[in-house]
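Down below is the structure, laid out as structure tokens.
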There are 2 protein chains.
Amino acid sequence: MTDSATPPRRNGGTPLGVRMDDVAELAQVSRATVSRVIKGYAPVSSKTQEKVNQAMRELGYVPNLIASGLAAKGSDLVGLLLRDPRVPAYGLLHSVIQNEVSKSGLELITVVPSSSEGVTDELDSLHRLLGLRVGGLLVSTGVIKDHDLEPFLDSVPVVSVGRLEDHPRITGVSYDEDVNGSILADKVVMAGHRSVAVVVPAWAVSTGENRRGVAMASHLRGRGIDVHQMDTDIFGTWTDRCDDIIRLVRDKQITAAMFPTDTRALAFMSLAQAAGLSIPKDVSITGCDGIAMGLEQIGLATVKLPVEEVAVRATAVMAELLRNSAPGPVHHERHAGVFIPGRTLEAPTPGR
Amino acid sequence: MTDSATPPRRNGGTPLGVRMDDVAELAQVSRATVSRVIKGYAPVSSKTQEKVNQAMRELGYVPNLIASGLAAKGSDLVGLLLRDPRVPAYGLLHSVIQNEVSKSGLELITVVPSSSEGVTDELDSLHRLLGLRVGGLLVSTGVIKDHDLEPFLDSVPVVSVGRLEDHPRITGVSYDEDVNGSILADKVVMAGHRSVAVVVPAWAVSTGENRRGVAMASHLRGRGIDVHQMDTDIFGTWTDRCDDIIRLVRDKQITAAMFPTDTRALAFMSLAQAAGLSIPKDVSITGCDGIAMGLEQIGLATVKLPVEEVAVRATAVMAELLRNSAPGPVHHERHAGVFIPGRTLEAPTPGR
DNA sequence: CTGAAAGCGCTTACAG
DNA sequence: CTGAAAGCGCTTACAG
């Protein structure tokens with residue numbers, strides 16, 4: 001072995017051009033050994049380890065996850081399919097999941113669908129994640145249906161998070177929309193309202209919002225309230241039916257309006273105020289979500305979703321799935337939120 | 001060739017177990033041909049195309065992006081490194097970038113650092129994206145420094161978005177923090193304030209917030225205002241120095257407080273109100289950001305960042321970089337925001 | 001328009 | 001504790 005005959009390194013240049021072979025050569029070990037010290041759990045003498053680490057540092061080596069993913073037939077990457085990053089509840093979910101995943105020694109990559117493109121784009125996003133052959137899949141969008149997930153259940157652990165789930169083979173950690181809806185409906189009834197508009201998005205638009213809305217409406221009806229159910233099946237907008245509600249208020253047909261999300265409630269508030277209505281004098285408002293900062297300043301009556309709780313549990317379940325080869329029983333958790341009182345919900349103004 | 005001798009398909013099962021070879025076999029073509037119809041830009045007879053598409057559908061084939069990424073030495077994936085999904089401005093940025101990237105025929109994957117872990121974790125996130133050998137890199141966090149990016153500039157197109165950038169080799173599309181800071185400072189001066197607290201996060205905490213804060217402070221000083229500069233170098237919290245500011249208000253040392261973000265401003269408002277102060281009577285407040293929904297309800301005086309504009313431009317620049325092999329000149333765009341008046345900024349109460 | 005074959009950068013039995 | 005070699009599932013010249 002002649003030290004003088006150093007063959008020219010193939011990539012003089014950039015760190016991303018440095019391969020494991022380059023590291024091996026510099027450290028004077030085999031590629032297998034470099035791989036072992038990177039992975040960390042195979043036996044390597046500490047002397048060798050040091051040599052290799054030194055070489056990696058010197059070359060600025062960034063391991064090619066694409067290549068290792070292929071060779072190892074899988075990776076520690078957990079993929080998150082997230083509905084809409086503009087919505088604060090998803091933003092918080094994203095953040096907490098990242099923290100938890102990282103604590104579990106896994107890595108997270110996130111994919112979001114284009115907004116307002118509907119189900120096609122959501123499926124594209126799903127395939128993007130699957131194409132990357134992630135080790136686990138966290139699905140946080142109700143737009144993707146169980147049906148779309150079914151074909152992949154045997155190949156990759158899937159947990160659906162923050163969305164309705166009752167598929168017998170998909171474990172779910174979600175919000176208890178029935179309870180959330182009931183809590184809000186109760187408060188509206190207790191405030192004295194007897195005629196209420198409820199916005200109910202179609203199942204295809206959002207399973208969660210749909211379920212929440214349905215729960216609110218049916219709970220109200222159960223209490224003998226006159227419900228004006230405002231169905232909407234428009235994808236990607238938060239203001240559909242607001243005009244109709246404003247009209248109902250003007251006609252004194254309702255004294256309160258319930259929205260399945262804070263976002264919709266806030267959007268309505270702006271429109272209503274622009275239309276000259278005052279809240280809660282002309283109409284009481286409730287939302288659902290409770291995550292956005294500064295909500296207490298606005299005083300929106302809402303239910304605060306247990307986002308952290310759901311994120312923590314979902315990640316724990318995923319980590320468990322990834323650890324145990326034995327799948328463990330599929331289960332469905334539902335976590336209820338807590339009511340946040342606010343000045344947008346008052347007793348109806350007498351005389352209306 | 002005996003049709004009867006169909007060799008057993010290696011993966012009887014799941015779509016993710018189906019390989020290109022399986023498709024090729026079913027369609028009775030070579031693997032190369034399957035690859036060609038998937039990529040779409042190589043000449044394939046439409047008869048063959050149909051056979052292949054049919055076979056893919058039948059098998060539920062999901063192409064392995066990992067393998068193709070390795071073979072093709074690169075992919076159409078654009079990686080986004082995003083600072084903090086809990087902040088509405090980042091959420092919106094994320095969303096718009098996704099839409100734009102998708103319009104350009106590229107795909108986006110996002111990685112976020114764990115919150116409150118500081119620079120180490122941000123670097124981990126950067127390496128995660130680089131390890132995936134993304135085709136382009138969008139960096140939207142001021143925590144990563146130019147220095148950290150430098151080694152990779154030769155291997156992958158990088159554009160920094162929404163963050164200060166003046167590296168001669170990194171093109172940047174960002175907010176004009178100097179102008180934003182000046183606009184706000186001007187309004188505060190014009191409202192009549194003469195003694196003002198300004199929160200200035202350290203450069204290491206956030207380059208953008210730092211620059212904004214410094215701009216506010218120096219602009220105020222230039223107008224002869226008494227500035228109480230509240231430096232903070234705590235990572236991951238939005239309430240540092242709030243106590244001190246409340247004290248200054250109580251001691252009648254200041255009549256206004258300027259925050260580099262809406263989030264900080266809102267957090268302060270809650271604390272101040274809890275401490276019995278009233279806004280703007282006891283102290284006027286300004287933020288910066290202007291993205292969160294319902295802000296108009298709160299009435300926070302702020303600057304609305306041109307997030308959409310920045311996202312669109314950044315993606316356009318990236319698409320350009322990816323298209324042209326010739327790099328084109330590096331440049332730095334800065335986009336200024338617009339002032340949003342609000343009831344948190346009034347003239348100082350006489351007698352204070 | 002189509003196929004055979006080399007090769008992308010790793011991991012992992014297998015054999016020392 | 002370490003190395004030689006096969007193979008992961010694709011792409012892409014190259015040769016028809």
Side-chain angles (χ1 to χ4, degrees), chain A residues 1 9-11 14-25 27-52 55-56 59 61-77 127 130-135 155, chain B residues 1 9-11 14-25 27-52 55-56 59 61-77 127 130-135 155:
Chain A
M1 179 204 264
R9 176 121 354 94
R10 288 244 303 278
N11 304 279
T14 79
L16 290 190
V18 175
R19 294 150 315 146
M20 199 176 258
D21 278 323
D22 301 315
V23 175
E25 186 183 323
Q28 306 191 76
V29 297
S30 73
R31 201 174 346 124
T33 298
V34 175
S35 180
R36 291 192 184 102
V37 351
I38 290 179
K39 313 227 68 191
Y41 52 66
V44 181
S45 82
S46 58
K47 202 165 107 268
T48 307
Q49 265 181 56
E50 194 33 59
K51 270 197 306 186
V52 170
M56 293 201 296
L59 297 173
Y61 176 60
V62 179
N64 187 329
L65 265 40
I66 292 291
S68 69
L70 184 61
K73 310 181 181 191
S75 65
D76 276 351
L77 284 182
H127 287 130
L130 257 14
L132 256 12
R133 296 297 190 270
V134 290
S155 337
Chain B
M1 183 202 265
R9 178 122 352 96
R10 285 248 301 283
N11 305 277
T14 78
L16 290 191
V18 175
R19 294 151 312 147
M20 198 176 257
D21 278 321
D22 300 315
V23 175
E25 186 183 324
Q28 305 190 80
V29 297
S30 73
R31 203 176 340 127
T33 298
V34 176
S35 179
R36 290 192 185 102
V37 353
I38 291 180
K39 313 226 70 192
Y41 51 67
V44 181
S45 82
S46 57
K47 200 165 107 269
T48 307
Q49 264 179 58
E50 195 34 61
K51 272 196 305 183
V52 170
M56 294 201 293
L59 298 173
Y61 176 59
V62 179
N64 188 330
L65 265 39
I66 292 290
S68 69
L70 184 60
K73 310 182 182 192
S75 63
D76 275 351
L77 285 180
H127 287 130
L130 258 13
L132 257 12
R133 296 298 190 270
V134 291
S155 337

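In what follows, every chain begins at residue 1, and chains take the letters A, B, ... in the order their sequences are listed. Since the model is a prediction, treat every value here as computed from it, not as a measurement.
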Check the phosphate of [N] against [X], side-chain N and O only, distance under 4.0 Å to OP1 or OP2. Yes or no?
{"X": "B/Ser30", "N": "C/dG3", "answer": "yes"}
{"X": "B/Tyr61", "N": "D/dG9", "answer": "no"}
{"X": "A/Thr48", "N": "D/dT2", "answer": "yes"}
{"X": "B/Thr33", "N": "C/dG3", "answer": "yes"}
{"X": "A/Ser35", "N": "C/dT11", "answer": "yes"}

Quiz item: When the nearest nucleotide of DNA chain C is assigned to B/Ser45 and to B/Ala67 on a heavy-atom basis, which residue is associated with the more 5' position?
Solution: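 It is B/Ser45 whose nearest nucleotide is closer to the 5' end.
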Quiz item: So which one's nearest nucleotide on DNA chain C is more toward 5', B/Gln49 or B/Ala72?
Solution: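 Mapping each residue to its closest nucleotide by heavy atoms, the 5'-most match is B/Gln49.
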Atom [atom1] of [X] to atom [atom2] of [N]: distance rounded to whole Å?
{"X": "B/Leu70", "N": "C/dA6", "atom1": "CG", "atom2": "P", "result": "17 Å"}
{"X": "B/Asp22", "N": "D/dC10", "atom1": "CG", "atom2": "P", "result": "9 Å"}
{"X": "B/Met56", "N": "D/dC10", "atom1": "CE", "atom2": "C1'", "result": "14 Å"}
{"X": "A/Asp21", "N": "C/dT11", "atom1": "CG", "atom2": "C1'", "result": "13 Å"}
{"X": "B/Arg19", "N": "D/dG9", "atom1": "CZ", "atom2": "C1'", "result": "8 Å"}
{"X": "A/Asp76", "N": "C/dT11", "atom1": "CG", "atom2": "P", "result": "12 Å"}
{"X": "B/Arg133", "N": "C/dC8", "atom1": "CZ", "atom2": "C1'", "result": "12 Å"}
{"X": "B/Arg31", "N": "C/dA4", "atom1": "CZ", "atom2": "P", "result": "10 Å"}

Exercise. Please state whether the base of D/dT11 and the side chain of B/Arg36 form at least one donor-acceptor pair under 3.5 Å?
Key: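 No, no donor-acceptor pair under 3.5 Å.
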Self-check item: 5'-most by nearest nucleotide on DNA chain D - B/Met20 or A/Pro43
Solution: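 First, find each residue's nearest nucleotide; the 5'-ward one identifies A/Pro43.
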Quiz item: Closest nucleotide of DNA chain D for B/Ile66 versus for B/Tyr41: which of these residues is on the 5' side?
Solution: B/Ile66
Quiz item: Would you call A/Val52 and A/Val29 a side-chain contact if the rule is heavy atoms closer than 4.5 Å?
Solution: yes
Quiz prompt | Any B/Thr33 side-chain heavy atom under 4.5 Å of B/Thr48 side chain | solution =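 Yes, their side chains come closer than 4.5 Å.
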Quiz item: Do you know the tightest heavy-atom contact between B/Arg133 and A/Leu16?
Solution: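 Residues B/Arg133 and A/Leu16, closest heavy atoms: NH2-O, 3.5 Å.
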Quiz item: How long is the gap from CG on A/Leu59 to CZ on A/Arg19, to the nearest 0.5 Å?
Solution: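 The CZ atom of A/Arg19 is 11.0 Å from CG of A/Leu59, to the nearest 0.5 Å.
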Self-check item: Option among A/Ser35, A/Pro63, A/Ser30 that satisfies the side chain to side chain contact (heavy atoms under 4.5 Å, CB included) test with A/Met20
Solution: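 Among the candidates, only A/Ser35 passes.
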Self-check item: Pairing nucleotide - C/dT2, Watson-Crick or G-U, each distance under 3.5 Å
Solution: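 When the pairing criteria are applied, D/dA15 turns out to be the nucleotide that pairs with C/dT2.
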Quiz prompt | Between C/dG16 and C/dT12 - C1' atom distance, rounded Å | solution = 16 Å
